Amino acid sequence: MKIYHKKNFAAGLFFTLLGIGFLVLFLVKREVQLKSLVCCVFSLLLGPGMLLRSLDRKLSYQDKIDERDERNLLVKLHAKSLTCSIVQYALLGACVLCTVGAVLYKGNPDGQQIFGGMLVVSGVMWFVSLLSEMLCLRHYEKRL
């Protein structure tokens, strides 16, 4: 048996093992949570399908063609760009909300410390995302 698409095989194996792990966890704990059940069903539906596709020559070839298609790459690029923008705006909004929360909790120093900590973390994450975007833009402008 030959593996034609190694990336899909690894992902399929991961999802299959994850689903089996959820089943074992359900049997050991004897308690099923809705979120875990949904993850288990999703993993057990996705994993074996990906495994079978990675072992079939025609389906693996079709998957590789789909990965390299220009339209799919453009859609993926736009989606990642939009995701980065959304994350940056969400982090900036979190910074503003934490600042407002810290100002409103003037009389409670514990509340101010909590909001201050959240402000620092969201501010650092926003700065890192902005810096990584700028460095990537600079890198690709030099290469293209």
Side-chain angles (χ1 to χ4, degrees), residues 1-105 110-144:
M1 192 175 289
K2 185 175 179 184
I3 300 170
Y4 293 102
H5 199 292
K6 290 179 176 64
K7 189 165 62 170
N8 277 359
F9 183 79
L13 188 63
F14 172 75
F15 280 117
T16 303
L17 291 175
L18 185 68
I20 292 171
F22 273 121
L23 285 178
V24 169
L25 186 68
F26 293 155
L27 292 175
V28 169
K29 280 189 161 184
R30 293 194 175 117
E31 135 184 357
V32 178
Q33 296 174 351
L34 181 63
K35 183 171 71 171
S36 299
L37 182 66
V38 169
C39 288
C40 178
V41 170
F42 175 73
S43 297
L44 288 176
L45 289 176
L46 186 64
M50 289 179 78
L51 278 174
L52 292 175
R53 285 187 74 87
S54 69
L55 297 174
D56 187 4
R57 177 183 231 157
K58 290 180 184 177
L59 294 175
S60 294
Y61 179 73
Q62 184 64 35
D63 288 343
K64 287 180 181 179
I65 293 296
D66 288 344
E67 284 177 4
R68 295 182 187 138
D69 185 30
E70 285 183 22
R71 182 183 180 280
N72 290 342
L73 290 175
L74 184 64
V75 167
K76 189 176 182 179
L77 180 67
H78 281 290
K80 286 190 180 225
S81 174
L82 182 61
T83 302
C84 184
S85 296
I86 290 171
V87 167
Q88 284 179 349
Y89 286 125
L91 287 171
L92 194 58
C95 287
V96 169
L97 289 176
C98 289
T99 305
V100 169
V103 168
L104 292 177
Y105 274 91
D110 292 337
Q112 280 187 330
Q113 285 181 347
I114 290 172
F115 279 115
M118 292 184 341
L119 174 64
V120 168
V121 169
S122 59
V124 168
M125 289 174 57
W126 176 77
F127 178 73
V128 167
S129 70
L130 189 65
L131 184 65
S132 65
E133 181 183 9
M134 289 172 41
L135 291 175
C136 287
L137 283 172
R138 183 173 173 228
H139 170 74
Y140 284 114
E141 281 187 10
K142 282 185 177 181
R143 294 195 111 196
L144 298 177

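In what follows, residues are counted from 1 in the order of the sequence shown. Note that the structure is a prediction, hence the values are computed from the model and not measured.
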Side-chain donor or acceptor of [X] paired with backbone N/O of [Y] under 3.5 Å:
X	Y	value
Lys64	Tyr4	yes
Ser81	Leu77	no
Ser36	Val32	no

Measure across [X] and [Y] and return the closest heavy-atom pair with its distance rounded to 0.1 Å.
X	Y	result
Phe15	Ser43	O-CB, 3.3 Å
Leu51	Gly12	CG-C, 3.8 Å
Gly19	Cys40	O-SG, 3.7 Å

Could you measure the distance from the [atom1] atom of [X] to the [atom2] atom of [Y]? Nearest 0.5 Å is fine.
X	Y	atom1	atom2	answer
Ile65	Gln62	CD1	CD	7.0 Å
Leu104	Thr99	CG	OG1	10.5 Å
Leu55	Ser60	CG	OG	7.5 Å
Trp126	Tyr89	CH2	OH	10.0 Å
Leu18	Leu13	CG	CG	11.0 Å
Asp56	Asn8	CG	CG	12.0 Å

Exercise. Between Met134 and Leu137, is a side chain to side chain contact (heavy atoms under 4.5 Å, CB included) present by the stated rule, with each step listed?
Worked result: CA-CA 5 Å; Met134 289 172 41; Leu137 283 172; 5.6 Å; no
Exercise. Do the side chains of Arg53 and His5 get nearer than 4.5 Å, heavy atoms only?
Worked result: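 They are not in side-chain contact.
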Counting only heavy atoms not in [X], do more than 12 sit closer than 6.0 Å to its [atom1] atom?
X	atom1	value
Tyr105	OH	no
Met125	CE	no
Lys7	NZ	no

For this session: Check the pair Leu27, Leu23 against side chain to side chain contact (heavy atoms under 4.5 Å, CB included), reporting the backbone distance first and the verdict last.
Result: CA-CA 6 Å; Leu27 292 175; Leu23 285 178; 5.5 Å; no
For this session: List the steps and the verdict of side chain to side chain contact (heavy atoms under 4.5 Å, CB included) for Leu44 and Phe22.
Result: CA-CA 10 Å; Leu44 288 176; Phe22 273 121; over 6 Å; no
